[in-house]
Every structure is written in C-alpha cells, then in structure tokens.
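Worksheet: the structure to be examined is printed underneath.
Because the structure is predicted, anything quoted here is derived from the model rather than measured.
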Amino acid sequence: MVTDLKQGRHHSGAPARADAPQSPLAAPTLSKFSVQTFTQPLDHFYNTTDATFQQRFWVNTRHYKPRPGAPVIVIDGGETSGEDRLPFLDTGIADILARATGGIGVVLEHRYYGRICGCSELLDRCPKLNDEQALEDSANFIPNIKFEDIDEVLTAPNTPWIYYGGSYVGARAAYMRVLYPDLVFGAIASSAVTRDVLTNWEYMDVIRLATDPSAPPTS
C-alpha cells in the first residue's frame with residue numbers, strides 16, 4: 001500500500017465490483033440493519049466535475065440513550081463492501097463501544113467500494129480514489145448527517161465521534177483525528193499502517209528464515 005497525503009494518493013487493491021460475492025459473515029446481519037445513503041460530491045476540491053454519488057452507511061441504535069455526550073462510533077469500511085463490516089456493527093467493536101457508552105454505531109462505506117462510485121478495475125481510471133477525497137467524504141459526513149428515526153442532532157463538534165479502522169483504515173482513523181480534530185473526538189487506529197513503502201519484501205522474510213532450505217517445494 002502507498003499513501004501520500006500531500007498528493008492525495010493511495011491504493012491498497014483494486015476496487016470491489018458491485019457484483020462481487022458478499023462475505024458469508026455479513027449475510028446474517030444484512031436484515032438487521034437497513035442501508036442508508038448520504039450524497040457526496042465526487043470531487044471535493046478541484047471542480048473537475050459536479051457529479052455526486054450516494055455513500056452507503058448502516059446504523060446500530062439498539063443501545064442508544066439520548067443525552068449530551070452520547071457518542072457516535074463510526075467504522076470506516078475500508079477496501080471492501082460496507083456489508084462485509086456489518087458483523088462489527090452487530091456484535092463487534094462498534095456494538096461493544098455503543099453498549100458501554102449508550103451511543104450509536106455506524107459503518108461508513110469507502111468510496112469506490114461495495115456499490116458506490118463504480119469504475120474500471122484499472123486504478124488509473126479511478127482518479128478520485130485517493131486519501132484526499134476519501135478522507136473528505138468522512139469529514140463531510142460527520143458534521144452534516146441526519147440519522148433516520150433519531151430526533152437528536154448527532155453531528156460534530158457537538159457530539160463526540162469516535163473513528164475506528166484497522167490496517168489501511170487504521171491509518172485513516174489516525175489521519176482523521178490529526179486532520180480534523182474539531183470533528184473527530186477520538187480515533188482507534190487498530191494495526192494501523194505506520195510507514196508506507198513501495199516494496200515490502202521483508203514481510204515474507206520471517207517465513208524464509210524459518211523454512212528448512214532442504215524442504216521440497218510446495219504448490
């Protein structure tokens with residue numbers, strides 16, 4: 001994975017196809033949470049297009065207790081369909097934190113993944129798939145969203161938002177806290193990327209060092 005915040009470039013894999021098979025872990029939870037959408041500009045910064053897209057999200061309100069300070073815990077969907085993150089919303093970290101705090105949990109799907117912003121699988125044909133634009137999606141969502149069936153306004157900065165992600169989106173969680181401290185009260189950067197490199201042969205070196213060189217090759 002390569003990330004350059006100044007240039008707003010990132011990618012950790014090809015965009016998920018809209019018809020890609022859904023994770024079997026997500027299937028039982030789909031019926032529990034209805035999908036909602038939020039209108040986002042395709043280009044937040046450079047006026048290259050006035051096109052918009054519908055960013056998908058899902059909300060868990062089962063533990064919500066309306067009061068000042070009740071937080072919103074948002075799971076960044078990352079490089080997969082947001083549907084694949086629904087177990088986190090149902091029984092995982094978002095549900096655990098919402099239950100402990102009386103807050104709500106949200107899964108926010110990343111642009112170009114799942115069923116939004118479809119484009120060619122070739123990365124050079126997805127010019128708006130980068131950190132700069134994707135981070136601004138979240139920064140636009142947090143202070144402007146109005147959740148269905150909730151009377152209270154739960155936008156930042158008046159409501160604390162806790163941003164969660166792992167691996168690539170662990171880094172995004174940290175970026176959100178650093179770049180938008182007025183919107184993101186706290187971030188949980190689980191297994192976050194701490195250094196970006198073009199090649200990472202060292203990742204597999206532990207296997208090379210632990211493998212018997214006389215062992216026959218395997219397929």
Side-chain angles (χ1 to χ4, degrees), residues 5 26 29-41 44-45 52-78 81-111 113-114 116 131-192:
L5 279 181
T29 61
L30 275 175
S31 61
K32 296 182 181 180
F33 307 107
S34 59
V35 63
Q36 302 178 46
T37 60
F38 179 80
T39 302
Q40 293 279 15
H44 288 279
F45 301 106
T52 62
F53 69 93
Q54 296 301 308
Q55 186 171 27
R56 299 198 303 171
F57 66 97
W58 296 258
V59 181
N60 175 353
T61 61
R62 63 169 70 118
H63 305 297
Y64 177 53
K65 298 176 181 177
R67 72 189 193 287
V72 177
I73 296 94
V74 59
I75 304 289
D76 190 312
S81 166
E83 295 173 2
D84 293 339
R85 304 304 190 195
L86 293 184
F88 293 97
L89 193 63
D90 187 26
T91 59
I93 186 66
D95 185 68
I96 292 168
L97 293 177
R99 183 172 64 247
T101 60
I104 72 170
V106 176
V107 166
L108 184 63
E109 191 169 66
H110 194 300
R111 63 166 50 204
Y113 292 97
I116 56 176
D131 271 324
E132 182 181 40
Q133 299 284 356
L135 289 167
E136 192 65 18
D137 287 341
S138 297
N140 186 37
F141 180 86
I142 291 171
N144 293 300
I145 187 60
K146 176 65 175 76
F147 294 114
E148 293 180 3
D149 302 322
I150 294 179
D151 295 331
E152 296 76 26
V153 177
L154 298 180
T155 54
N158 295 323
T159 296
W161 281 65
I162 309 300
Y163 205 97
Y164 178 90
S167 189
Y168 156 52
V169 287
R172 279 174 51 81
Y175 296 156
M176 287 298 297
R177 173 61 182 154
V178 170
L179 296 174
Y180 307 98
D182 55 328
L183 300 178
V184 178
F185 181 82
I188 302 174
S190 177
S191 301

With sequence neighbours left out, write down each residue that passes side chain to side chain contact (heavy atoms under 4.5 Å, CB included) with Ala174, or none if nothing qualifies. Ala189
Nearest heavy-atom contact between Tyr113 and Gly78 is CD1-O, 3.7 Å
Should we say atom CZ of Phe147 is surrounded by more than 12 heavy atoms from elsewhere, each under 6.0 Å from it? yes
Counting N and O atoms only, with roles assigned by atom type, does the side chain of Asn144 sit under 3.5 Å from a partner on the main chain of Asn140, one being a donor and the other an acceptor? yes
Restricting to side-chain hydrogen bond (donor to acceptor under 3.5 Å, both in side chains), what partner residues turn up for Glu152, sequence neighbours left out? Tyr64
Testing the basics here: between Ala173 and Ala187, what is the closest heavy-atom pair and its distance to 0.1 Å? O-CB, 3.3 Å
Checking side-chain contact (heavy atoms from CB on, under 4.5 Å) for the pair Gln54/Thr39: CA distance, chi angles, key distance, verdict? CA-CA 5 Å; Gln54 296 301 308; Thr39 302; 2.9 Å; yes
Kindly write out the residues that satisfy side-chain hydrogen bond (donor to acceptor under 3.5 Å, both in side chains) with Asp76, not counting sequence neighbours, or none if the list is empty. Tyr163, Arg172
Atom CD1 in Ile96, atom CZ in Phe88: separation rounded to 0.5 Å? 10.5 Å
Are more than 12 heavy atoms, taken from residues, nucleotides or ligands other than Lys146, located less than 6.0 Å from that residue's NZ atom? yes
Evaluate the criterion side-chain contact (heavy atoms from CB on, under 4.5 Å) for residue pair Ile162 and Phe185; output intermediate values, then yes/no. CA-CA 6 Å; Ile162 309 300; Phe185 181 82; 3.8 Å; yes
Within the 4.5 Å heavy-atom criterion, are Ile150 and Ile104 side-chain neighbours or not? yes
If the condition is side-chain hydrogen bond (donor to acceptor under 3.5 Å, both in side chains), which residues does Arg99 pass it with, not counting sequence neighbours? Asp95
Minimum-distance pair of heavy atoms, taken over all atoms of Gly170 and Ala192: C-CB, 3.5 Å
Using side-chain contact (heavy atoms from CB on, under 4.5 Å), reason through Leu179 and Glu136 one step at a time and then give a plain yes or no. CA-CA 10 Å; Leu179 296 174; Glu136 192 65 18; over 6 Å; no
Gln133 (side chain) donor-acceptor with His44 (main chain) under 3.5 angstrom: yes
Is a side-chain N or O of Arg56 found less than 3.5 angstrom from the main chain of Glu109, in a donor-acceptor match? no
Distance (rounded to the nearest 0.5 Å) between Glu148 CD and Gln36 CD: 4.0 Å
Please walk me through it: do Leu89 and Ile75 pass side-chain contact (heavy atoms from CB on, under 4.5 Å)? CA-CA 8 Å; Leu89 193 63; Ile75 304 289; 5.6 Å; no
Nearest non-hydrogen partners of Leu86 and Phe33, listed with the distance: O-CE1, 4.4 Å
Looking at Asn60 and Gly105, would you say the former's side chain and the latter's main chain have a donor-acceptor pair under 3.5 Å? no
Should Leu97 and Ile188 count as side-chain neighbours, where that means a heavy-atom distance under 4.5 Å? yes
Can you list every pair that meets salt bridge (Lys or Arg N to Asp or Glu O under 4.0 Å) and has a residue in residues 162-171, with sequence neighbours left out? none
Among Phe53, Tyr168, Phe57, which residue meets the ring-ring contact (aromatic ring centres under 6.0 Å, His included) test with His110? Tyr168
Step through the shown structure and confirm whether more than 12 heavy atoms of other residues, nucleotides or ligands are within 6.0 Å of CG on Asp182. yes
So Thr37 and Gln55, side chain to side chain donor-acceptor pair (under 3.5 Å) or not? Walk me through it. CA-CA 5 Å; Thr37 60; Gln55 186 171 27; over 6 Å; no
Nearest 0.5 Å please: distance from the CZ atom of Phe38 over to the CD1 atom of Ile142. 10.0 Å
Please report the closest heavy-atom contact between Val153 and Thr159, naming both atoms and the distance. O-OG1, 3.7 Å
List for me each residue that meets side-chain hydrogen bond (donor to acceptor under 3.5 Å, both in side chains) alongside Asn158, sequence neighbours excluded, and say none if there are none. none
Met176 and Ser138 have their tightest heavy-atom pair at CE-CB, 3.6 Å
Checking Trp161 side chain against Leu154 main chain: does a donor-acceptor pair fall under 3.5 Å? yes
